[in-house]
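Everything below concerns the one structure shown next.
Convention: sequence-line order gives letters A, B, ...; per-chain numbering from 1.
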Amino acid sequence: MGKSDEKYVQAPLGMKDIFPEERLLWIEMENAAREEFEIAGYHEIRTPVFEDTRLFVRSIGEATDIVEKEMYTFGDSAGTSITLRPENTASVMRAYLQYELYKTKKFQKFYYIGSMFRKERPQAGRLRQFHQMGIEAIGSNDPLLDVETIKVATRVYDRLGLGGYVVKINTIGCEKCRPGYREVLKNELSKHKDELCELCQARIDRNVFRVLDCKNKKCKEIRKNVPNTEDHTCNDCLEHFKIVKGAFKDINLEYTLDPHLVRGLDYYTKTVYEITHSAMGARDTICAGGRYDNLISDIGGPPTGAVGFAAGMEASMIALLKTRKENQESKPDTSPLAPDVYIVSIGDESRNYCFKLLNQLRQGGIKVDMDYECRTAKAQMKVANKLDSRFTIIMGTDEIEKGVIKLKNMHTGDEDFSEDTDKIIEIVKGNN
RNA sequence: GUGGGUGUAGCUCAGCUGGUUAGAGCACCAGGUUGUGGUCCUGGGGGUCGGGGGUUCGAAUCCCCUCACUCACCCCA
């Protein structure tokens, strides 16, 4: 079969397979996240991978690129429009609302880890099916929670040994002061419209805040003379932000104030933040989040303060791999995928005997495998070596007749005989 | 959606301005060692040179189309 064969099918664009070796890193990252999340009192919620399309349109915002052109939207047989989740926050809020969790316990903490879907052109660390892990603290306006969520994210990275990340924070105001600032920005920038890059000219009407983080030189020049976010933020938001900054100091967490930091999703209010990593290059955000006090009311619930983040797992992994490579971390002596024992069967007549032994050893908790290709003893030994098996058991007619098991230590080359399977299990387990 | 780059063996890649049966390293398989790995030696299998069309006596090489992958932009994690 060739790649031109009409039967040949490959994974759709932007979809990736993760094989056992790479999966080890995923497990490591997931475990680090789970442990830190649980330590901070966040518990896992698993929401459906698809939702009613309206949920995302209302929460993320109609005019965002995600909703306009990046969602995987289908009609089901009943004619309702469903969409593969492009992010998880909306779903968590929907669940909070749907089960009226606020009635029994207003304040709740959740975390999630899972696949998200966005139909965009894939590139480094960005796929159409990608993975995010994140936390949400729902039901409180406490600024301390803004900082808590950031601290939890950094603890996950610290646990993984990812150094060199930068925490950036900003406030984007609330529904009271944000519209006013939007108008001021529009007016100011319109005066220099001709000097702005083509993209920013469009952004003035579309999403004026985006001009603030444009990388174009001229745009950077122009916005220097534009009033700052904080000048147009209401007292409420300023006070909130002040407490946030103070809390950073209290727990010795470093941050960079980035007045140009904006968010692309409509639901953010007040504090927004990003964690970036230099190993990434052009697109350096590995984690982003903020407060979204209006999201729940936007989808029909009571006014409810909430804050959280989403970390891109592929992006985080690229950063992690790069720093590990730079630090030249030594590889473990034994492969985590290696079996403890590989059974070499000599002669077809011994195979059933070996299969029985294999199952006895597995019953005893030993990671053990054998040859299923009826290969020569030499070939089986090679496989054992390749798998990095610590032991081999060599069984031929001699051993079976004598009623013994021949155990070979692959590191030392020593061979031992034993009549007792339990003794074998003991030896293997004692040699970790 | 826009722009650039790349498609030759399972993997990483050679293959000069078109010239005989398309190569290397690694990996794989077998033998050397008739029941024993990691080193070494010997041999072997595997490619319609992404696909289609064109130019030519002759195309992996030049031209066109197409597909795939990849990087960047937009946007976002």
Side-chain angles (χ1 to χ4, degrees), chain A residues 1-6 8-14 16 60-61 63-71 85-89 114-128 130-134 153 197-200 202-203 206-207 210 213-216 262-265 268 273-277 280-290 308-319 342 344-347 350 373 375-400 406-415:
Chain A
M1 188 188 78
K3 293 186 178 178
S4 56
D5 193 311
E6 59 177 18
Y8 176 84
V9 172
Q10 62 177 337
L13 182 66
K16 206 186 148 203
I60 296 168
T64 58
D65 273 34
I66 293 178
V67 169
E68 273 186 352
K69 50 190 191 191
E70 290 181 358
M71 296 203 305
R85 60 184 185 194
E87 56 102 52
N88 213 337
T89 299
S115 294
M116 311 297 154
F117 304 84
R118 289 182 202 174
K119 200 165 55 195
E120 59 184 348
R121 288 288 285 273
Q123 58 186 282
R126 277 193 290 164
L127 297 164
R128 289 185 162 194
F130 61 105
H131 299 80
Q132 289 187 333
M133 51 193 194
C197 72
E198 216 172 289
L199 233 93
C200 281
R203 286 201 264 234
R206 199 180 142 73
N207 185 352
R210 275 280 158 209
D213 70 347
C214 181
K215 291 168 194 86
N216 185 290
V262 298
R263 300 275 76 222
L265 281 60
Y268 285 105
Y273 56 86
E274 270 183 14
I275 298 177
T276 61
H277 198 280
M280 294 290 295
R283 181 65 212 164
D284 60 359
T285 304
I286 55 177
C287 174
F309 70 76
M313 293 181 73
E314 281 83 358
S316 299
M317 217 165 280
I318 287 174
Y342 191 81
V344 173
S345 57
I346 298 163
S350 65
E373 298 167 271
R375 305 181 67 184
T376 62
K378 181 176 174 169
Q380 291 183 53
M381 287 303 292
K382 278 187 148 183
V383 171
N385 189 62
K386 184 135 203 156
L387 291 173
D388 201 21
S389 184
R390 281 159 46 230
F391 291 94
T392 46
I393 283 175
I394 299 149
M395 295 299 293
T397 42
D398 284 5
E399 286 78 10
I400 293 170
K406 189 196 268 185
L407 181 72
K408 176 170 182 166
N409 183 318
M410 293 296 274
H411 297 317
T412 63
D414 297 342
E415 292 184 351

So does [X] reach the base of [N] with its side chain, donor to acceptor, closer than 3.5 Å?
{"X": "A:Glu399", "N": "B:G35", "result": "yes"}
{"X": "A:Arg126", "N": "B:C75", "result": "yes"}
{"X": "A:Lys378", "N": "B:U36", "result": "no"}
{"X": "A:Gln380", "N": "B:U36", "result": "no"}

Paired with [N] by Watson-Crick or G-U wobble geometry, both distances under 3.5 Å: which nucleotide is it?
{"N": "B:G23", "answer": "B:C13"}
{"N": "B:G31", "answer": "B:C41"}
{"N": "B:U61", "answer": "none"}
{"N": "B:U6", "answer": "B:A68"}
{"N": "B:C73", "answer": "B:G1"}

Between [X] and [N], is there a side-chain N or O to OP1/OP2 distance below 4.0 Å?
{"X": "A:Gln123", "N": "B:U70", "value": "no"}
{"X": "A:Arg263", "N": "B:A77", "value": "yes"}
{"X": "A:Arg121", "N": "B:G3", "value": "no"}

What is the nucleic acid contact for [X], judged by heavy atoms within less than 4.0 Å: base, sugar-phosphate only, or nothing?
{"X": "A:Ala315", "value": "nothing"}
{"X": "A:Gln10", "value": "sugar-phosphate"}
{"X": "A:Ile346", "value": "base"}
{"X": "A:Phe130", "value": "base"}
{"X": "A:Gly413", "value": "base"}
{"X": "A:Ala310", "value": "sugar-phosphate"}

With respect to the side chain of [X], which nucleotide from [options] is positioned closest?
{"X": "A:Arg375", "options": "B:A30, B:G35, B:G37", "value": "B:A30"}
{"X": "A:Ala377", "options": "B:G35, B:C75, B:A77", "value": "B:G35"}
{"X": "A:Lys386", "options": "B:C74, B:A27, B:G35", "value": "B:A27"}
{"X": "A:Asp65", "options": "B:A77, B:C75, B:A30", "value": "B:C75"}

**OP:** Look up atom CD in A:Glu87 and atom CZ in A:Phe117, then write down how far apart they are to the nearest 0.5 Å.
**Re:** 13.5 Å
Original post:
When A:Val344 is tested against each of A:Lys406, A:Met381, A:Met395 for side-chain contact (heavy atoms from CB on, under 4.5 Å), which residue passes?
Top reply: A:Met381
**OP:** Please name the residue in the list A:Met410, A:His411, A:Lys408 that meets the side-chain contact (heavy atoms from CB on, under 4.5 Å) test with A:Arg390.
**Re:** A:His411
With [atom1] as the reference atom in both, quote the distance from [N] to [M] in angstrom, rounded to an integer.
{"N": "B:C62", "M": "B:C49", "atom1": "C1'", "answer": "15 Å"}
{"N": "B:G54", "M": "B:A59", "atom1": "P", "answer": "12 Å"}
{"N": "B:A24", "M": "B:G15", "atom1": "C1'", "answer": "10 Å"}

Original post:
Do A:Glu120 and A:Asp65 come close enough that some side-chain heavy atom pair is under 4.5 Å?
Top reply: no
Has [X] got a side-chain atom pairing as donor or acceptor with [Y]'s backbone, closer than 3.5 angstrom?
{"X": "A:Gln380", "Y": "A:Ser345", "answer": "yes"}
{"X": "A:Thr285", "Y": "A:Cys287", "answer": "no"}
{"X": "A:Arg121", "Y": "A:Gly14", "answer": "no"}

**OP:** Report the residue (A:Ala379 or A:Asp398) whose heavy-atom-nearest nucleotide on RNA chain B is the more 5′ of the two.
**Re:** A:Ala379
**OP:** Specify the separation, in whole Å, of atom NZ of A:Lys382 and atom C1' of B:G32.
**Re:** 11 Å
